[in-house]
Protein chains: 2
Amino acid sequence: MTLEKRIRGDIEARIRSGELKPGDRIPFEHELTVTYACARATVSKALTGLARAGLIERRRKAGSFVAHRHVQTAVLEVPDLEKLITARGETYRWQRTHRSLAAEPDMGGPILRIEGVHYCGDDPFCLETRLISLSSVPAAAHETFATQAPGGWLLTHVPWTRARHAISARAATHPQARALGVTPGTACLAIERRTWRVMGRIDVPVTRVCQLFPGDRYDLVAEFNPGMQVDLGG
Amino acid sequence: MTLEKRIRGDIEARIRSGELKPGDRIPFEHELTVTYACARATVSKALTGLARAGLIERRRKAGSFVAHRHVQTAVLEVPDLEKLITARGETYRWQRTHRSLAAEPDMGGPILRIEGVHYCGDDPFCLETRLISLSSVPAAAHETFATQAPGGWLLTHVPWTRARHAISARAATHPQARALGVTPGTACLAIERRTWRVMGRIDVPVTRVCQLFPGDRYDLVAEFNPGMQVDLGG
DNA sequence: AAGTGGTCTAGACCACATA
DNA sequence: ATGTGGTCTAGACCACTTC
């Protein structure tokens, strides 16, 4: 237990217990250096951490204050589906159902379109439709993605990216329902993720994927603690 | 632009551009102090920030390395629905439909149960079922929640908490569909959030809410940059 | 054994918001 | 005008890991 964490923990406990309420002022840095008999840099690091976690707000000349609104935030970690399923002790399988080349103006040029199903054991688990920009990832043109899902391959072949996620609920269409082995109209969780590669100041589309999960087979579960610690469920 | 941010930005750019690939070693701290002609603490702060953002991994004696797997993470910020709607220029309204006292073993004692509908303009937008632990929040017993939604009230009356979110897709039941003005079976996005108050080492349940959004009226959109910067859409 | 990152110190100067 | 937080310096010791 470092001194920084001790200071941070003490203040966090006083906030959580209600002893310090939103709007209350936290002791000045120089006061805390006396309390803990340490250097100001150590106190500052502890308070910086608290501010980063959203527990306090810091204002020059005025001091540091307990933050007012607790912005409810969930951190969702969406790893490889394969890892998710194998972590549960189930067998994972990817079955490609479609592969074609096409043009997609939204993706800035020629694309590779892949469709397939992720299986959990013998049950369809997720229907995936993926577009890969060939101008951004030329190597993808040589891949069949017949046995390997595009997601894992892309993780190892594309450098850092920016992403945008949209999560919504949709009713399964007839072809979707057939692929997933459910009745048409079943409520499904749809996760759409677009990914860009940051090239200097312009962002180049890399891939766009829509994953459709039958509602009764998938929950996104995220545990959130204000201190930025994250747990993942599924 | 501080020196710390400049160092951090430089390294981040080299990673994003692909010049530094996963597994590559980043210059040692003492090397960076020479490069930037600064103190080691400044370099350390920059690298600590990169490690916190998940871009690099640091190992004693070995050095700092570009992180291997890019864990795809979405940060979803779920603020007050009222703010979400008013931010769009629509009028917000909360209509309570039910209020009762009951016992819920899962919540550790007596609870207040509130049900109601959030409106966006004249259209039902979200059906909310909320349980509030009265042993944790005794003051809630005196509130009617007839005109104010419980969410906003709780934000100002309950100290810091731990939360767990589950997001799934469900078909609207008949009563749910009636309340939301949709046809039964409509695919809906269900967000369930349980909140605990951390009391020392035990967590006391505070509230549990299930919000049901018609799938065609709501998307959760989260923009994610590896550097922890978050944008919110809706 | 050697060298790294982790942490801390005791100063310092600055910009800036507040009183 | 004053005092705060923001940032930085030039050291230091330690724990740990890898060599």
Side-chain angles (χ1 to χ4, degrees), chain A residues 1-15 20-69 71 226-230, chain B residues 1-15 20-69 226-229:
Chain A
M1 175 64 72
T2 67
L3 180 54
E4 175 207 338
K5 288 183 181 173
R6 197 183 127 211
I7 298 174
R8 184 176 160 163
D10 285 356
I11 296 174
E12 198 169 326
R14 292 173 65 187
I15 294 175
L20 288 173
K21 294 173 186 173
D24 285 358
R25 214 202 70 226
I26 284 176
F28 293 124
E29 291 191 354
H30 68 82
E31 293 174 335
L32 289 171
T33 62
V34 176
T35 305
Y36 291 94
C38 70
R40 199 187 129 212
T42 307
V43 168
S44 179
K45 206 176 176 187
L47 294 189
T48 299
L50 287 170
R52 197 183 267 241
L55 280 162
I56 66 172
E57 292 173 359
R58 315 182 75 188
R59 293 203 300 273
R60 278 196 173 96
K61 169 67 180 174
S64 297
F65 301 83
V66 178
H68 268 96
R69 18 179 220 117
V71 179
M228 302 297 280
Q229 290 165 13
V230 179
Chain B
M1 175 64 72
T2 68
L3 180 55
E4 175 208 338
K5 288 183 181 172
R6 197 183 126 210
I7 298 174
R8 184 177 162 162
D10 285 357
I11 296 175
E12 198 170 327
R14 292 172 66 187
I15 294 175
L20 289 173
K21 294 173 185 171
D24 285 358
R25 214 202 70 227
I26 284 176
F28 294 125
E29 290 191 354
H30 66 82
E31 293 174 334
L32 289 171
T33 62
V34 175
T35 305
Y36 290 94
C38 69
R40 201 188 127 213
T42 306
V43 168
S44 178
K45 205 176 176 187
L47 295 187
T48 299
L50 287 170
R52 196 183 268 241
L55 280 162
I56 67 172
E57 291 173 0
R58 315 182 75 188
R59 292 203 301 274
R60 277 194 173 98
K61 169 69 180 174
S64 297
F65 301 83
V66 178
H68 268 97
R69 23 182 214 112
M228 302 296 281
Q229 290 165 12

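A, B, ... follow the sequence lines: proteins, then strands. Residue 1 opens every chain.
Here the C1' atom of nucleotide D:dT4 and the CG atom of A:Leu47 are 12 Å apart, to the nearest Å. Atom NZ of A:Lys45 is separated from atom P of D:dG5 by 18 Å (rounded to the nearest Å). In this structure, A:Arg52 atom CZ and D:dG5 atom P are separated by 18 Å, rounded to whole Å. Put simply, CD on A:Glu29 is 15 Å from C1' on C:dG11, counting in whole angstrom units. Note: CZ (A:Arg6) to P (C:dG6) measures 22 Å, nearest angstrom. We find that NZ of B:Lys5 is positioned 15 Å from C1' of D:dC8, with the value rounded to whole Å. If you measure from atom OH of A:Tyr36 to atom P of C:dT7, you get 17 Å, rounded to the nearest angstrom. Taking atom CG of residue B:Leu32 and atom C1' of nucleotide C:dT4, one finds them 13 Å apart after rounding to whole Å.
Atom CG in A:Leu3 sits 5.0 Å away from atom SG in A:Cys38 (nearest 0.5 Å). For the atom pair CD1 (B:Ile26) and CZ (B:Arg14), the distance works out to 8.0 Å, reported to the nearest 0.5 Å.
Listed nucleotides D:dT4, C:dT7, C:dG5 differ in distance to B:Ser44; the shortest reach to its side chain belongs to C:dT7. Closest to the B:Ala41 side chain, of the nucleotides D:dG5, D:dA10, D:dT18, is D:dA10. In the set C:dT4, D:dT18, C:dT18, C:dT18 carries the atom at the smallest distance from any side-chain atom of A:Lys61.
Considering only side-chain N and O atoms, A:Arg58 lies under 4.0 angstrom from the phosphate OP1 or OP2 of D:dG6. Phosphate proximity of C:dT18 to A:Arg60: absent, as no side-chain N or O sits under 4.0 Å from OP1 or OP2. Close to C:dG3, at under 4.0 Å from its OP1 or OP2, lies no side-chain N or O of B:His30. Between D:dT9 and B:Thr42, a contact under 4.0 Å exists linking OP1 or OP2 to a side-chain N or O. OP1 or OP2 of C:dG6 has not a single side-chain nitrogen or oxygen of A:Thr2 nearer than 4.0 Å.
Looking at which nucleotide of DNA chain C each of A:Arg40 and A:Glu4 is closest to, the 5′-most match is held by A:Glu4.
At a threshold of 4.0 angstrom between heavy atoms, the contacts of A:Arg59 are confined to the sugar-phosphate backbone, with no base atom among them. If you check every strand for non-hydrogen atoms under 4.0 Å, A:Leu3 touches sugar and phosphate atoms only.
Put simply, the side chain of B:Ile11 reaches to within 4.5 Å of the side chain of B:Leu32, judged on heavy atoms. For the pair B:Val66 and B:Lys21, the minimum side-chain heavy-atom distance is 4.5 Å or more. Contact check for A:Ile15 versus A:Ile56: side-chain heavy atoms found under the 4.5 Å cut-off.
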